[in-house]
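The sequence lines fix the lettering, A, B, ..., with proteins before strands; numbering per chain opens at 1. None of these values were measured; they are calculated from a predicted model.
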Protein chains: 2
Amino acid sequence: MAEDAVQNGRQRLADRVRLGLEREIVTGDLTPGTRLDETRLAERYEVSRTPVREALMQLAASGLIEMRPRQGALVAAIGTFQLAEMFEVMSELEALCARLAARRMTPAERDDLAALHEACAPYLASGDADAYYELNLRFHEAIYAGSHNAFLEQETRKIRLRVSPYRRMQLHRPGRLADSHAEHGRVVAAILAGDQELAGRLLKDHVAIQSGTFVDFLATVGGLPDRRPGSARPGRAHPGSARPDQPPKTRHRTG
Amino acid sequence: MAEDAVQNGRQRLADRVRLGLEREIVTGDLTPGTRLDETRLAERYEVSRTPVREALMQLAASGLIEMRPRQGALVAAIGTFQLAEMFEVMSELEALCARLAARRMTPAERDDLAALHEACAPYLASGDADAYYELNLRFHEAIYAGSHNAFLEQETRKIRLRVSPYRRMQLHRPGRLADSHAEHGRVVAAILAGDQELAGRLLKDHVAIQSGTFVDFLATVGGLPDRRPGSARPGRAHPGSARPDQPPKTRHRTG
DNA sequence: CCAGGCCGCCTTGTATACAAGAACGGCGAT
DNA sequence: ATCGCCGTTCTTGTATACAAGGCGGCCTGG
């Protein structure tokens with residue numbers, strides 16, 4: 001996915017390190033919880049610690065890693081509750097994208113979206129989850145772009161990037177691919193028809209379903225520690241219970 | 001000059017610089033477009049360039065400043081279209097907060113919210129816009145917290161922080177304070193009544209109205225350049241038109 | 001007089017050296 | 001033998017030195 005940045009030898013070292021780490025985290029080469037030692041990273045990327053630190057801070061800002069003062073950086077390990085929280089927001093943002101796309105997409109964009117959806121079908125049949133994953137990503141991004149709101153597009157992408165390390169695990173559940181594709185189909189139809197509300201609702205449910213299967217999966221696998229993000233921000237999170245009292249209301253399929 | 005952060009000798013220098021700059025930007029001491037020279041900032045804060053660079057990068061990640069490679073950092077100047085885009089997202093996130101708050105707030109939180117709302121009244125009468133601004137902020141944050149979704153709360157706050165340099169300008173419009181307070185009142189009522197949809201819709205409109213007056217204001221004042229954020233992210237934004245074809249659909253007051 | 005190119009300064013980007021806090025292991029005391 | 005204290009060592013945080021690129025001014029040519 002990053003071959004688009006290859007040709008550019010003129011980029012800052014810090015960016016090269018950041019992109020490299022980002023890729024390693026998203027693809028799962030670096031699993032959540034892994035400690036990131038500045039010196040070793042510097043050796044690995046053949047640069048000094050300065051650009052490494054720069055990259056780490058940017059990744060921390062994007063939420064992919066977590067930096068504890070005087071204790072170094074870890075690949076962010078997101079707890080199940082926090083993941084549920086993120087999906088709650090993401091489903092809403094994606095729904096907004098869909099609503100806006102339904103009313104703002106150009107005819108060309110609508111054609112592209114439909115084409116993208118249909119291009120998924122072969123991999124569905126062959127059960128090639130990784131290839132489907134790739135196209136699925138492009139499908140969702142096409143909807144983001146279709147919102148014609150660059151800020152929204154960026155924010156939504158950031159959140160998707162942030163949960164992607166976990167997303168990967170979940171794709172291989174039997175039957176999920178077909179369901180996902182069918183859900184996409186309904187979303188496409190609604191967008192093409194210009195039905196904002198329907199498109200929004202369908203996409204929201206689509207994301208929420210993934211959330212449900214996710215949380216199920218993580219919980220059964222043994223779950224992740226449910227620590228609060230509590231990053232550098234001094235602005236206190238509210239004191240009391242931070243969990244959603246009603247996790248995704250969409251009924252999700254059981255494992 | 002930074003006497004507010006003196007007492008705490010135990011925090012990292014970079015954090016001190018970041019907080020200081022954040023404050024200066026949000027309060028308007030540093031206006032959008034101002035160039036931020038690393039060396040001078042280092043002198044001003046009496047630290048070396050290293051923590052300054054760290055702070056700048058974090059601010060860039062949060063969107064408050066913009067870093068152009070090899071050309072230094074500027075306080076982010078947000079164009080009118082981009083601002084409209086941000087409000088489009090913000091209104092949706094705040095609406096989500098309100099919906100969730102309506103169904104998740106504890107009785108104590110509901111009481112606090114109502115109290116906060118009523119505490120605004122005196123400043124309304126006296127026309128003290130700055131004091132009202134402060135309480136207004138706390139009012140909105142109470143709703144964020146009431147969503148019981150820490151991630152949502154954080155994201156919404158980040159966006160609010162990011163637009164706050166512009167927000168300040170808009171408060172002094174005559175009559176706006178009273179309107180704002182009345183809108184808050186309806187939101188509180190809906191939340192206390194547990195009416196999710198109504199609370200969401202009301203808060204969304206409330207934010208959208210501000211968006212409208214904002215964009216009007218900026219446009220008349222002479223407008224800001226409409227440059228694309230185009231930050232460090234290499235992931236290309238979609239190629240074509242990025243502007244909302246229908247700026248906030250809520251009809252906003254003229255003047 | 002104006003335009004274009006060249007040169008030098010100033011800024012950012014990177015590397016390295018130094019200081020200070022935290023984890024870990026060893027040693028002693030109970 | 002186990003627990004706690006202390007020192008070592010490794011890591012991060014900060015400062016400074018060095019390199020490279022952009023911008024502005026100046027000079028020269030038309």
Separation of A:R23 CZ from A:L30 CG (nearest 0.5 Å):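 Reported to 0.5 Å precision, the distance equals 10.5 Å.
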No-H, no-angle donor-acceptor pair, A:R49 side chain to D:dG13 base, under 3.5 Å: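 Flag set: donor-acceptor pair detected.
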Listed nucleotide nearest any side-chain atom of [X], set [options]:
X     : options                : result
B:M67 : C:dG13, D:dT12, D:dT14 : C:dG13
A:V47 : C:dA15, C:dG13, D:dA15 : C:dA15
A:R70 : D:dG21, C:dA22, D:dT14 : C:dA22
A:D37 : C:dT12, C:dA15, D:dT11 : D:dT11
A:Q71 : C:dA22, C:dA15, C:dT12 : C:dA22
A:P51 : D:dT14, C:dA15, C:dG13 : C:dA15

Round to a whole Å and report the spacing from [atom1] of [X] to [atom2] of [N].
X     : N      : atom1 : atom2 : result
A:I65 : D:dT12 : CD1   : C1'   : 13 Å
A:E54 : D:dT14 : CD    : P     : 15 Å
B:R35 : C:dT12 : CZ    : C1'   : 9 Å
A:M57 : D:dT14 : CE    : P     : 10 Å
A:Q11 : D:dA20 : CD    : P     : 18 Å
A:L74 : D:dT12 : CG    : P     : 11 Å
B:L56 : C:dT11 : CG    : C1'   : 13 Å
A:Q58 : C:dG13 : CD    : P     : 11 Å

Cationic N near anionic O, under 4.0 Å, A:R18 to A:E54: no
Test: B:E24 and B:R44 ion pair at under 4.0 Å: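 A salt bridge links B:E24 with B:R44.
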Side-chain N or O of B:R53 closer than 4.0 Å to phosphate OP1/OP2 of C:dT12: no
Side-chain N,O (A:S48) to OP1/OP2 (C:dA15) below 4.0 Å: yes
Closest heavy-atom pair and its distance - A:A73, A:I65: CB-CD1, 4.0 Å
Sugar-phosphate only, base, or nothing, as touched by A:L36 at under 4.0 Å among non-hydrogen atoms: sugar-phosphate
Which residue lies more 5' along DNA chain D, comparing B:P69 with A:A73 via nearest heavy atoms: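 Result: A:A73.
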B:E109 and B:H148 side chains, donor-acceptor separation under 3.5 Å: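 Yes, B:E109 and B:H148 have a side-chain donor paired with an acceptor closer than 3.5 Å.
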